[in-house]
Amino acid sequence: MLEGRTGAGNLGKENIDEVIRLLGWVQTRRDHGGVIFVDLRDRSGITQVVFNPDMPEDAFELAEKLRSEFVIEVTGKVRSRPSGSENPNMKTGEIEVVAESLHILNKAKTPPFYIQDQVDVDESVRLKHRYLDLRRPEMQKIFMIRHRVMQIMRSFLDQNGFLEIETPVLCKSTPEGARDYLVPSRVNQGTFYALPQSPQIFKQLLMVSGMEKYFQIARCFRDEDLRADRQPEFTQLDIEMSFIEIEDVLPLMENLVTKIFAEISGTKIPVPFPRLSYQDAMERFGSDKPDTRFGMELIDVAGVVKGSGFKVFTDILAKGGRVKGICAKNCAGMPRREIDALTGFVGIYGAKGLAYIVMGEEGLKSPILKFFTEEEINNLITVMGGETGDILFFVADKESVVHNTLGNLRLELAKRLGLIPEGSLNCLWVTEFPLLEYDEEEKRYVAIHHMFTSPMEEDLPLMETDPLKVRAKAYDLVLNGMELGGGSIRIHRRDVQEKIFDLLSLSTEEAYDKFGYLLDAFEYGTPPHGGIAFGLDRLTMILAGRENIRDVIAFPKTQSASCLLTQAPSPVEEKQLQELHIKLNVKKK
RNA sequence: GGCCCCGUGGUGUAGUGGUUAACAUGCCUGCCUGUCACGCAGGAGAUCGUCGGUUCAAGUCCGAUCGGGGUCGCCA
């Protein structure tokens, strides 16, 4: 059937007088009674087919029966459109195909929405009929980009000596990290596999195996709540290498990322990417994935306010908290109610209030002025870099709340003020992450990256004295304020790994139960190794200019982790449950 | 689990508590030989997500629930 087929979207003046065969869908039919125009669409694009009454009568009658989305086969001759009827809005608008024969390969029901770009239709309707949604050219373009990205990754890594190796999808459940998706075992009553959150342990085992350079485009699963950029199953480019240090990983990955952007969007990203320590990222931007496309950095004002009469600030400082601010340029005209609404905004992130000073033309306006001396206010303005026309915002709280709040307020204001330059690509590495953080709920340390991440050598002594100060050999690639990838140099020494388990309050038995095989493996000559993983979906989002991860996944889940097309998840037969030795205990609603 | 937004013919929207729920588009029928979101004429198509409440009267007000989206928590 494909023999001698021509793509509709690639026809042009150079094809004039060629007799061609098109296979595709009816985009639109315009029936003028005597002459019928059909726009025929296939993956390559759209071309206009003309049906004249002087063609065989039965073929013309057939053309009158055509409707949207009928699948047809047309044979005809390419010709120049009559002068004056060219369509400059169409890639193939200079030519048309005069139909000589028509076959209807299949009829179609009227689709629930237009098969064209910029459809204004509820996303749930698109998802229910995803196979139709994916017919739209803009969706097809996304998946062509996604495909190209994967091909570039594969060829780049192949050329650099990496082996593509698959790892299991049915895995062992591990503590820590995200909630696992579980799969009951039929053969082994009462036991479960977990779907991989990432191929982490297997890729390290492959390093023990001497594979030296591994990659995989791997599906990962995390049973957590969804977001605009988060799906329960997603795809990572997973990479691991032996005999490396950070300085081997980052430049190689910079080459890969710049190659992808150069080939897909023709954008040149300068290398090396800037690096920012976690500490600096948090202090300056209030985020470990800072958007550095604009300024408005966080400024510490503790030095200015610590001796003041403003108890809200001084009390928090006394308790070890922080007082920081951002300067919103040219915002003094912001209406009072909008400023008040920002108090609600910062409340989302746990801040109890938002102090501000409006630097208007007629002087300063602020509910907190009365607590400060003139000198203190002048110092505050100087430190903040405030000028007439600005608003200074302040948050006082414990450090995590201050950073989170101001970091998000900074992004929100930048969006409202249009400070983020369109089309700019801003790649950077965030390095020197802390190894551990303290979990108040569980009253113990937890790993920030994961528990196989190597501490920095010079910080090893701190593991005994001040574990929270220990920095990890971990790095994240951040693009336009989005975490695109992350990785680390791993622990390859058993004694260090056991020390980590110890700090994480994993007992030796527990550690052995969960990771004994890994600890055993580490005793058989493990090379120093490390790696990284990139979120393919997020990368495709940026390359395709999408703000929603569902758009770059062929068959995504809704926010409640269900598939509107297949109705998954769904109840199963009692017999299936019995085979799996499972009894349900469902809460009645 | 919390907060916020949305739900009206196939699709997108309008709709002061008060007649037969309006408009656009799509669909069907007829007409039409140069359109390209063709045009013209006519027609069909809605238990206003669901359940309950207030009211003489509910698409409209209230509550619950279901579904979709955003977000906080969560996501090593």
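Numbered from 1 within each chain, the chains take letters A, B, ... in sequence-line order. Worth knowing before you read on, the calculation uses all heavy atoms, side chains too, and leaves out hydrogens, waters and symmetry mates.
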Hey, is Phe113(A) doing a stacking thing with rU11(B), by the 5.5 Å centroid and 30° angle criteria?
-> no

Determine, for Arg126(A) against Asp551(A), whether the closest basic-nitrogen to carboxylate-oxygen distance falls under 4.0 angstrom.
-> yes

So which one's nearest nucleotide on RNA chain B is more toward 5', Leu127(A) or Asn89(A)?
-> Asn89(A)

Looking for any heavy atom pair under 4.0 Å, which part of the strands does Ser83(A) touch: base, sugar-phosphate only, or nothing?
-> nothing

Give one of base, sugar-phosphate or nothing for Asn87(A), where a contact means two heavy atoms less than 4.0 Å apart.
-> base

Nearest-Å distance, NZ (Lys109(A)) to P (rU11(B))?
-> 12 Å

Flag the pair Arg471(A) and Asp459(A) as a salt bridge only when some basic side-chain nitrogen lies within less than 4.0 angstrom of an acidic carboxylate oxygen.
-> yes

With the side chain of Asn404(A) defined as its heavy atoms from C-beta on, choose the nearest nucleotide among rG10(B), rG73(B), rG67(B).
-> rG73(B)

Among rC36(B), rG34(B), rU71(B), which nucleotide sits nearest the side chain of Arg79(A)?
-> rG34(B)

Does any N or O donor sit under 3.5 Å from an N or O acceptor when you compare the side chain of Arg230(A) with the base of rG69(B)?
-> no

Return the minimal non-hydrogen interatomic distance between Ile500(A) and Pro455(A), and the atom names on each side.
-> CD1-CG, 4.5 Å

Strictly by modelled atom types, are His403(A) and Lys324(A) linked by a side-chain donor-acceptor pair under 3.5 Å?
-> yes

Would you check if there is a donor-acceptor pair between the side chains of Arg538(A) and Gln236(A) at a distance under 3.5 Å?
-> no

Any Gln197(A) side-chain nitrogen or oxygen under 4.0 Å from OP1 or OP2 of rC75(B) | no

Does the base of rU35(B) carry an N or O that pairs as donor and acceptor with the side chain of Arg81(A) under 3.5 Å?
-> yes

Go through the N and O atoms of the side chain of Asp225(A) and the base of rC74(B), and report whether any donor-acceptor pair is under 3.5 Å.
-> no

Is there a Watson-Crick or G-U wobble partner for rG63(B) with both distances under 3.5 Å, and which nucleotide is it?
-> rC51(B)

Side-chain ion pair, Asp133(A) and Lys128(A), N-O less than 4.0 Å | no

Compare side-chain N and O positions of Thr110(A) against OP1 and OP2 of rG10(B) and report whether any pair is under 4.0 Å apart.
-> no

In the strands shown, is rU35(B) matched to any nucleotide by a Watson-Crick or G-U wobble pair with both distances under 3.5 Å, and which?
-> none

Would you say rG69(B) has OP1 or OP2 under 4.0 Å from some side-chain N or O of Arg227(A)?
-> no

Reckon Asn52(A) has a side-chain N or O less than 4.0 Å from the OP1 or OP2 of rU35(B)?
-> no

Is any side-chain N or O of Ser560(A) closer than 4.0 Å to OP1 or OP2 of rG68(B)?
-> yes

Report yes if at least one side-chain N or O of Arg30(A) is closer than 4.0 Å to OP1 or OP2 of rU35(B); otherwise report no.
-> no

Which nucleotide, in any strand shown, forms a Watson-Crick or G-U wobble pair with rU13(B), with both distances under 3.5 Å?
-> rA22(B)

If we call it a pair only when both distances are under 3.5 Å in a Watson-Crick or G-U wobble match, what pairs with rG43(B)?
-> rC27(B)

Taking CD from Glu86(A) and C1' from rU35(B), how many angstroms apart are they, rounded to a whole number?
-> 13 Å

Indicate whether His32(A) forms a stack on rC38(B); treat it as stacked only if centroid distance is below 5.5 angstrom and interplanar angle below 30 degrees.
-> yes

